Chemist: 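Here's a structure for you.
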Amino acid sequence: MREINTSQIKQAVSDLCQKSSYTLADGVMDLLRGALKNEESKTGKEIITQIIGNAEIAQKEKLPLCQDTGIAVVFIEIGQEAIIVGGEIKEAVNEGVSQGYKNLRKSVVLNPIDRINTKDNTPAIIHEEIVDGYNIKIGILPKGGGAENMSAIKMFLPTAKKEDLIKFIVETVVSNGAKACPPLILGIGIGGTFDYAAYLAKKALTRKIGAKNKDTVELEKEILSQVNKTGLGPMGLGGRVTALAVHIETHPCHITSLPVAINFECHAHRYQEIIL
Ligand code: SF4
């Protein structure tokens, strides 16, 4: 057993909120540099050049990568041998978000109907998972509204073929992708239930860029190839590079179900994590 105080969690969340506002997730810059070489459209090349320049300035000056610093989506993996002391985890996370967003845009409304801003970017969206071990892993994925709003889910019949799933994903990119600030990273959840597929799609975005899921690697390649043949291109203004990466997570599901969810992520993919 190992004790972890909620004050450590609060500070870690605060630091991650700050860092993620100005730092691209590991590997995104390499993908952007690769995209710059691959892009043939003049406008597309200019856009990617600006995106890279913007990211370099953000990192150097510690300034937000985008005006939309997002709603904080927090993934916490709690080792079952860790003992949390000093208070409640959720409270510590929200205090950390509040502290970490002090000088960032506050983008959360308390009630989706009345839409009154909470003024400290809380509450965060928190996903908790119990895992083996005695550590706590905290990941922060700030989600801008532009990309998040373009996301979609479809409940397929179990008779659907792989081609039907790909068609749905590619058609959704064509219809929605330009508003999500491409080049995109696509998180895709397949299986589970309606709600769980959406969770998987978001969770897929937390996978390290370049890390392979052996069960889905071929499907990811196929979808990336087809998405990049749509011609949507950087910022939807035409070109070869519509998406930088496709990440898929799957889960067992009911014999009659086949949910497929797409969570759009823009080029400002700012996921950061720490292990306590
Ligand atoms: S989709 Fe991303 S890059 Fe576009 S405005 Fe939102 S956070 Fe910024």
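Start at 1 and go down the list; that is how both ligands and their atoms are numbered. No experiment lies behind these values; they were computed from the predicted model shown.
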Chemist: For the residue pair Gln99 / Ser14, report whether a side-chain donor-acceptor contact shorter than 3.5 Å exists.
Modeler: yes
Chemist: Kindly check if the number of other-residue, nucleotide or ligand heavy atoms within 6.0 Å of CG (Asn135) is above 12?
Modeler: yes
Chemist: When you check the side-chain N and O atoms of Glu222 and Gln226, is any donor under 3.5 Å from an acceptor?
Modeler: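 Glu222 vs Gln226: donor-acceptor pair found between side chains.
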Chemist: Which of the atoms of ligand 1 are close to Asp68, meaning less than 4.0 Å from one of its heavy atoms?
Modeler: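 Those qualifying, in numeric order: 7 (S).
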Chemist: I'd like to know if Arg207 pairs up with Glu249 as an ion pair, taking the criterion as any Lys NZ or Arg NE/NH1/NH2 lying under 4.0 Å from an Asp or Glu carboxylate oxygen.
Modeler: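 Yes.
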Chemist: Starting from atom 2 (Fe) of ligand 1, find the nearest protein heavy-atom neighbour and note its residue, name and distance.
Modeler: Cys266 SG, 2.3 Å
Chemist: Would you call Leu237 and Leu232 a side-chain contact if the rule is heavy atoms closer than 4.5 Å?
Modeler: no
Chemist: Indicate if the distance from atom 8 (Fe) of ligand 1 to the nearest N, O or S atom of Cys181 falls below 2.8 Å.
Modeler: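 Given the 2.8 Å cut-off, Cys181 does not count as a ligand of atom 8 (Fe) of ligand 1.
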Chemist: Which option, Ala268, Ser107, Pro182, Ala147, owns the non-hydrogen atom nearest atom 1 (S) of ligand 1?
Modeler: Ala147
Chemist: Does ligand 1 have an atom that lies less than 4.0 angstrom from a heavy atom of His267?
Modeler: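 Contact present.
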Chemist: At a 4.0 Å cut-off, with the gap strictly under it, does some heavy atom of Arg270 reach an atom of ligand 1?
Modeler: yes
Chemist: For ligand 1, which atoms, with element, lie under 4.0 Å from some heavy atom of Gln67?
Modeler: 5 (S)
Chemist: Between Lys19 and Tyr22, is NZ or CZ placed under 6.0 angstrom from the six-membered ring centre and within 45° of the ring axis?
Modeler: no
Chemist: Are the side chains of Asp132 and Gln80 in contact, using a 4.5 Å heavy-atom criterion?
Modeler: yes
Chemist: So if I count the atoms of ligand 1 from 1 in the order they appear, which ones are less than 4.0 Å from some heavy atom of Gly144?
Modeler: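 Listed by number with element, the hits are 7 (S).
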Chemist: Where is the nearest protein heavy atom to atom 8 (Fe) of ligand 1: which residue, which atom, and how far?
Modeler: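 Residue, atom and distance for the closest contact: Cys66 SG, 2.3 Å.
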